[in-house]
**Student:** 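Let me give you the structure first, and then I'll get to my questions.
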Amino acid sequence: MKNLELAEIFYKIADILEMEKIEWKPRAYRKAARSIETMATDIEEVYKKGGLKALDQIPGVGRRISEKIEEYIKTGKINAFEKLKKKLPSGLDELMNIPGMGPKKAVKLYKKLKIKNIKQLVKAAKKGKIRKLEGFGEKSEQDILRGVALKEQSKGRMLLGRALDVARSLKQQIEKTGSVKNIEIAGSIRRRKETIGDIDILATSKQPQKVIQAFTKLPEVKTILAKGPTKSTVIISPGIQADLRVLPAEIFGSGLQYFTGSKDHNIKLRNIAIKKGYKLSEYGLFKKKTRIAGKTEQEIYKKLGMQYIPPELRTNTGEIEAAQRKKLPKLIDYTDINGDLQMHTKWSDGSNTIEEMARAAKKLGYKYIAITDHSKSEHIAKGMDIKKLNQYLKAIEKARTKVKGITILKGAEVDILADGSMDYDNKTLKKLDVVLAAVHSRFKMSKTEMTKRICKALENPYVNILAHPTGRIISERAPYKMDLNKIIEVAKKNKVALEINAYPSRLDLNDANARIAAEKGAKITINTDAHQVDQLRYMELGVATARRAWIKKEQVINTKTSSEIKKFLKK
DNA sequence: GCCGTTTTCGGCCCGACTGTTTTCAGTCG
């Protein structure tokens with residue numbers, strides 16, 4: 001996928017244009033960049049299928065930008081960008097990554113002090129040269145030094161799973177102060193994006209200052225970046241930014257709507273409001289000076305003439321148009337899951353026993369689970385040979401007698417070998433209630449080979465689920481090269497469900513791919529891949545991904561009852 | 001540079017906080 005590369009180029013073009021004080025174009029380039037970045041499909045595919053015209057259909061992309069995309073796909077370069085880069089030194093955009101430093105300041109530092117990169121910036125700040133510039137002072141000089149240090153220790157975006165834990169803990173602590181009426185985690189966490197840049201929390205209160213005060217005094221707060229009467233930004237350990245906004249209770253809905261984003265979703269809503277003669281902000285939906293909505297998000301969407309849009313869908317990728325036509329799907333709910341079909345125990349690389357996993361799952365209200373330890377080739381994960389597998393199957397039978405009220409399915413996560421055959425023979429696979437097929441080796445095959453390999457496995461009559469279909473690990477490992485469309489098609493034909501693996505660093509299929517798979521009619525299963533009892537709670541991350549993929553309950557097999565799932569697994 | 005049942009030209013979301021500016025520009029989300 002070239003989507004991210006292109007988005008990055010357009011962001012950089014926007015930065016350079018902004019430094020040159022060109023108006024409006026930066027906004028246009030950023031809008032196009034965001035749109036390309038969040039697209040569900042590979043932009044190269046879009047171009048191959050429909051040429052420039054198809055590119056023009058992307059929101060925010062017009063003829064000039066689509067031509068640049070074409071140029072990049074064909075030549076790997078964009079001439080206009082290469083020329084722009086020559087105008088300003090390349091280190092300047094890195095200056096703009098420092099909090100509080102935008103294009104105007106960066107360019108001033110360059111023009112007046114010949115500062116081209118962070119190193120020179122730090123040097124100048126330490127020598128006290130920056131405070132002498134017009135528009136800068138002693139404080140801004142310190143802010144720069146602090147900002148650079150901060151940037152160095154923060155490690156970019158964090159996984160949703162981690163961000164949720166941290167945000168929920170903050171929320172609880174703020175709640176305890178007592179002066180809060182409503183409080184909700186907002187921003188990209190509420191939209192359940194797979195990685196999170198910072199934590200946003202919205203509260204309502206009659207004494208906002210008290211809440212802000214309590215927030216900035218929390219033990220994990222390391223630095224206070226901003227602190228006003230209704231809004232504060234802090235850095236909590238270890239280097240995560242958290243924002244709190246406090247509003248009156250009567251505008252909780254509009255505040256939450258605004259603070260949840262996404263930015264593009266909000267801009268589009270505000271434009272719709274303007275066309276209707278209204279104005280939308282965090283303070284409510286206004287007709288002239290009168291507030292006509294604001295207490296709940298529901299009434300805002302209603303007054304704007306559309307269905308309520310769940311936060312997970314707010315990406316401005318068609319959800320607003322669908323809501324206007326009253327065509328939003330009824331998304332799978334977090335409570336719809338009846339079982340978890342991938343987890344590991346001490347029999348391979350898990351930390352708990354079969355019984356412990358079963359009891360924990362029962363506590364979560366599940367009707368069934370599948371124990372799915374690793375097959376023999378997975379040596380690192382203590383994969384089971386046939387002899388051990390037979391003992392393991394007996395152990396599952398024993399656990400069934402010990403833990404009542406939940407169905408324990410006999411399963412295994414079986415390696416797909418390099419030639420596409422399975423790591424156990426069919427006689428062995430037949431003994432299992434549920435077979436997960438997974439690629440765990442030889443990741444670097446060609447696209448054709450890998451597609452053939454996986455498709456062959458999907459055609460095995462005993463395979464029920466393709467586990468973590470693309471193999472990506474978020475910000476660590478790219479997906480294997482494969483023809484996902486072909487794999488979806490073969491999976492559908494052979495009644496193999498495609499997994500949304502809910503493990504925080506996997507989320508594989510991701511939202512975009514899961515949306516494609518479900519649209520094409522393939523069955524989906526959402527499983528945690530838990531290696532210990534505590535990890536069973538990751539299910540919500542998988543369901544969130546499914547919701548972001550517009551998936552309905554009926555499309556997910558582990559929303560079925562025990563008897564229905566058994567029937568499905570028998571094909 | 002994009003976009004259009006108010007426009008193919010003339011607009012382009014809206015508000016909080018900070019620092020240095022004595023009234024507001026810059027940055028952020």
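In what follows, chains are A, B, ... by sequence order, proteins preceding strands, each numbered from 1.
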**Student:** I'd like to know if A/Glu319 pairs up with A/Arg314 as an ion pair, taking the criterion as any Lys NZ or Arg NE/NH1/NH2 lying under 4.0 Å from an Asp or Glu carboxylate oxygen.
**Tutor:** no
**Student:** Categorize A/Lys227 for me: base, sugar-phosphate, or nothing, with a 4.0 angstrom heavy-atom threshold over every strand shown.
**Tutor:** sugar-phosphate
**Student:** Expressed as a whole number of Å, how far does the P atom of B/dA16 sit from that of B/dT21?
**Tutor:** 24 Å
**Student:** What's the gap between B/dC14 and B/dC9 when it is taken at their P atoms, as a whole Å value?
**Tutor:** 25 Å
**Student:** Does A/Lys25 have a side-chain nitrogen or oxygen under 4.0 Å from the phosphate oxygens OP1 or OP2 of B/dG1?
**Tutor:** yes
**Student:** Is there aromatic stacking of A/Trp24 against B/dC2, centre distance under 5.5 Å, plane angle under 30°?
**Tutor:** no
**Student:** Under a 4.0 Å threshold between the charged nitrogen and the carboxylate oxygen, would A/Glu70 count as salt-bridged to A/Lys74?
**Tutor:** yes
**Student:** Classify the side chain of A/Tyr283 versus the base of B/dG15 as yes if they form a donor-acceptor pair under 3.5 Å and no if they do not.
**Tutor:** no
**Student:** Can you tell me how far CD1 of A/Ile309 sits from CD of A/Gln324, rounded to the nearest 0.5 angstrom?
**Tutor:** 8.0 Å
**Student:** Of the nucleotides B/dG29, B/dC17, B/dG19, which has the atom closest to the A/Ser140 side chain?
**Tutor:** B/dG19
**Student:** Please confirm whether the backbone N or O of A/Leu507 pairs with a side-chain atom of A/Arg472, one donor and one acceptor, at under 3.5 Å?
**Tutor:** yes
**Student:** Among B/dT20, B/dT27, B/dG1, which nucleotide has an atom closest to any side-chain atom of A/Lys139?
**Tutor:** B/dT20
**Student:** Any idea if B/dT5 is syn or anti, going by the 90°-from-0 cut?
**Tutor:** anti
**Student:** Side chain of A/Lys263 only, heavy atoms from C-beta on: which candidate in B/dG1, B/dT27, B/dG29 is closest?
**Tutor:** B/dG29
**Student:** Under 4.0 angstrom, heavy atoms only, what part of the nucleic acid is A/Lys279 near: base, sugar-phosphate, or nothing?
**Tutor:** sugar-phosphate
**Student:** Is B/dC14 paired to anything, Watson-Crick or G-U wobble with both distances less than 3.5 Å, and if yes, which nucleotide?
**Tutor:** B/dG29
**Student:** For a quick check of understanding: with a heavy-atom distance under 4.0 Å over all strands, which category does A/Ile224 fall into, base, sugar-phosphate or nothing?
**Tutor:** nothing
**Student:** Base, sugar-phosphate alone, or nothing: which one does A/Gly261 contact when heavy atoms must sit under 4.0 Å apart?
**Tutor:** nothing
**Student:** Considering only B/dG15, B/dG1, B/dG19, which nucleotide approaches the side chain of A/Ser281 most closely?
**Tutor:** B/dG15
**Student:** Assign A/Lys104 to base, sugar-phosphate, or nothing according to its heavy-atom contacts below 4.0 angstrom with the strands shown.
**Tutor:** sugar-phosphate
**Student:** Taking the C1' atom of each, how far is B/dT8 from B/dG4, in whole Å?
**Tutor:** 8 Å
**Student:** If you check the A/Asp198 side chain, which of B/dG1, B/dC17, B/dG29 turns out closest?
**Tutor:** B/dG29
**Student:** Is it true that A/Glu18 and A/Arg30 make a salt bridge, defined as a side-chain N closer than 4.0 Å to a carboxylate O?
**Tutor:** yes
**Student:** Look at all strands and tell whether A/Lys108 reaches a base, only sugar-phosphate, or nothing, counting heavy atoms closer than 4.0 Å.
**Tutor:** nothing
**Student:** Quick one: label A/Leu280 by what it contacts on the DNA or RNA (base, sugar-phosphate, nothing), any heavy atom closer than 4.0 Å.
**Tutor:** sugar-phosphate
